[in-house]
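One structure is given below, encoded as structure tokens.
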2 protein chains.
Amino acid sequence: MTIYDISEKAGVSIATVSRVLNGSSNVSEKTRKKVLDVINRYEYTPNAFARGLGLNTMKTIGILCADSSDLYLAKGIYYIEQKLRSNGYDSLLCCTGYTLENRINSLNLLINKKVDSVVLVGSNFIYENEENNRYICNAAAQVPIMLLNGALDAPNVYSIVSDDFTSMYEATCQMIDSGVNDILYYYNSASYSGKRKLAGYRLAMEERDLLKSPELLQFYRGSHEDIPAMTEHLKQLHRDGLSFHGLIAADDTLALSAIKYAGELGIAIPSELSIIGYNNSMLVNSCVPELTSIDNKLETLCQHLISTLLGVLDGREMPKKTIFSGELVRRGTTR
Amino acid sequence: MTIYDISEKAGVSIATVSRVLNGSSNVSEKTRKKVLDVINRYEYTPNAFARGLGLNTMKTIGILCADSSDLYLAKGIYYIEQKLRSNGYDSLLCCTGYTLENRINSLNLLINKKVDSVVLVGSNFIYENEENNRYICNAAAQVPIMLLNGALDAPNVYSIVSDDFTSMYEATCQMIDSGVNDILYYYNSASYSGKRKLAGYRLAMEERDLLKSPELLQFYRGSHEDIPAMTEHLKQLHRDGLSFHGLIAADDTLALSAIKYAGELGIAIPSELSIIGYNNSMLVNSCVPELTSIDNKLETLCQHLISTLLGVLDGREMPKKTIFSGELVRRGTTR
DNA sequence: ACTTTACATGTAAGCGTTTACATCCCTAAT
DNA sequence: ATTAGGGATGTAAACGCTTACATGTAAAGT
């Protein structure tokens, strides 16, 4: 069933059919009805390839992320997908894992698929090394690139970020003000936002001259899902004699492992150990006591990302970088 | 940069360029090299639309799921996406939510996008009412449909399911054998696999005449992420005087809420309350004690789904339904 | 009544591939 | 030397749509 069949059955030319298909104004109400009628009767839908060839767009946005099974990224993908769909766009998902080469390949692949834009979900896509970010700039030469929680100052790339630095700074200050001086920072990522979070903690601690030992910065290598391994890591630190009465984690899973660690060692929360997580994910309610966590307003970020994207695709001038501040949500793991 | 530019620069016809692009055999090694050289030098990539128009396939598989932010579904999507990519296919993701109308729309949309197949992730897509499943059959008339954890006997639809019935039956038997007679069944979905799980529990209980009260079947309505609400629900049951020394949950989140419930009421696990969850997700390690849970081998299912799909696309005869059995992974919430 | 205008519709030329078919040239068999 | 055969290459038609341009028609203005 092609546009020719429809035009024939409706007794008009293919141009007219195409016009009603594309909502062109130059069609009389009568013929529009007639054509629409035939289209519905035969359940005709235009061939997407041919349409793409003609229009050079498929109303599809590429989504690139490291790992769609990550709790936080999955949420981001979900919001973005939803909001795109309600604006008439589809999304093409690519999970790249964490190697640069795969990322470059996936990005090119998406662009070859003729997506109208690609949004990079998560800051793992931004590198310290300028050279490594060139693949993003190359891509941006073809289509606008949207960065969720990552920032890069380059033509045709737009960044939507949460102010992780300030969130972490303020959370640390508040924990210090509550009377905790020896605060361990527990993190597992050296990504763009990972660095910003760390910097926030660091500033708060250094301002008060509390960052006495490099041991207070603890990096966990390993799967972002492997809570037992994280717990074990903390227990090892304990055995090694490291002492801390506060723990700030760069992710809720890390914080959760701290709760387990405390539970297994009989350390009381929050009287002997205060804990703050990050992301305010569903995990915060899964534990006892419930986890104090920083909410970085993912849905707001996504909402804004999509409206920026739609603006860009519409040819409007849009802000290159937008920053949203987060919020500390207090629960049982802090005083 | 089109195939014409390349053919010109390489001094051959577009047909030859197309042949090397598609790995056709009828090209001399010398010209193949020459053309490849030009292609690489100019970083040419064929236009996906034009190619699609000619070949009528885009090497893209549609993925339909209710909610990609669901822990379990997200994992499934991840595995499928990975395995597709490593076989040269891309994936187009659609989250439909839980209404039939949205599903029908999304499915049609994917097919209009000319995907080569669509895989439905999660059994929420299968309805009791035969009539409601017709949308799947309609779709199957166009492209093969793959069902992950849902089954439908229809032409051109292939089902890959875990044997939730047996897993649940055996888990229930084991809990009974461990000395627990009053086992609450806690569930939140009446989907295809939801029903099968329930039936497994039911059989085990009824065989021993232990299903004394309908109160032992507790349905939780509400967000699959809202653990506090689930916990509250259980506490309400307790207040209402319902007594149980075992709880089997259709999902780990539900089981987690039971752990919280026990914690808040000072009920000892597992001596006073045994708990079994479902999915063996990352949540099982996030709590104290760690959660005994049924692993339904999601990765195996996905692996199998993809190889079946590739077989089907390859024109081979493939099994219409494949069943994998699960496994009870014992941890601290059971004796 | 005749021109102008504006709107509705049709015609045909792309868009960038794939591929059936035609052509050419070279090798090998007679 | 002649010819059949086959591999390499080119030509051109298709794929199904969009859209600039041409054409036609009816209402409005003179």
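Note on naming: letters A, B, ... go to the chains in the order of the sequence lines (proteins, then strands), and numbering restarts at 1 for each one. Computation of the quantities below employed the complete heavy-atom set of this structure, encompassing side-chain atoms and omitting hydrogens, waters and symmetry-equivalent molecules.
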Decide whether A:Asn132 and A:Arg103 meet the rule of one side-chain donor and one side-chain acceptor closer than 3.5 Å.
no
What contact category does B:Thr31 fall into here, base, sugar-phosphate, or nothing, at under 4.0 angstrom with non-hydrogen atoms?
sugar-phosphate
Considering every strand and a 4.0 Å limit on heavy-atom distances, what is the contact class for B:Asn26: base, sugar-phosphate, or nothing?
base
What's B:Ser18 touching, base or sugar-phosphate or nothing? Going by heavy atoms closer than 4.0 Å.
base
Measure CZ/A:Arg51 against C1'/C:dT17 and give the value in whole Å, please.
20 Å
Here the distance between atom P of D:dA13 and atom CG of B:Leu53, to the nearest Å, is 18 Å
Any donor-acceptor pair under 3.5 Å linking the side-chain atoms of B:Ser24 with those of B:Asn22?
no
Reported NZ-to-CG distance for the pair A:Lys114 and A:Asn56, which is rounded to 0.5 angstrom
5.0 Å
Starting at atom CE of A:Met1, determine the distance to atom C1' of D:dG16, rounded to an integer number of angstrom.
13 Å
Euclidean distance, atom CG of residue B:Asn56 to atom P of D:dC15 [Å, nearest integer]
11 Å
Would you indicate what B:Phe49 reaches in the nucleic acid, counting non-hydrogen atoms under 4.0 angstrom: base, sugar-phosphate, or nothing?
nothing
Choose from D:dT11, C:dG16, D:dC17 the nucleotide whose nearest atom is closest to any side-chain atom of A:Tyr4.
D:dC17
What's the closest nucleotide to the B:Arg19 side chain, out of D:dC17, C:dT17, C:dC21?
C:dC21
Does any part of the side chain of A:Thr322, heavy atoms only, come nearer than 4.5 Å to the side chain of A:Ser159, both counted from C-beta?
no
Could you check how far NZ of A:Lys114 sits from P of D:dC17, rounded to whole Å?
19 Å
Could you please spell out the steps behind the salt bridge (charged side-chain N to carboxylate O under 4.0 Å, His left out) verdict for A:Glu299 and A:Lys83?
CA-CA 10 Å; A:Glu299 186 164 10; A:Lys83 292 178 203 303; 3.4 Å; yes
Which nucleotide wins on minimum distance to the side chain of A:Val12, given the candidates D:dC17, D:dA8, C:dG10?
C:dG10
Distance-only side-chain donor-acceptor flag, B:Tyr127 / B:Arg134, under 3.5 Å
no
Per atom distances to the B:Val27 side chain, the nearest of D:dT9, D:dC17, D:dT18 is D:dT9
For A:Thr16, answer base if it contacts any base atom (sugar-phosphate contacts may also be present), sugar-phosphate if it contacts only those atoms, and nothing otherwise; contact means non-hydrogen atoms under 4.0 Å.
sugar-phosphate
Would you say C:dG10 has OP1 or OP2 under 4.0 Å from some side-chain N or O of A:Ser13?
yes
Please state how far atom NZ in B:Lys59 lies from atom P in C:dT17, giving the value in whole angstrom units.
18 Å
Checking contacts here: which listed nucleotide (C:dG16, D:dG16, D:dT9) is nearest the side-chain heavy atoms of B:Thr2?
C:dG16
Starting from C1' on C:dA8, measure out to NZ on A:Lys34 and report it in whole angstrom.
11 Å
Contact under 4.0 Å: B:Tyr44 side-chain N or O vs C:dT17 OP1/OP2:
yes
Could you check how far CZ of B:Arg32 sits from P of D:dT9, rounded to whole Å?
10 Å
Identify whether any heavy atom of A:Asn22 sits under 4.0 Å from a base atom; if not, whether one sits that close to sugar-phosphate; answer base, sugar-phosphate or nothing.
sugar-phosphate
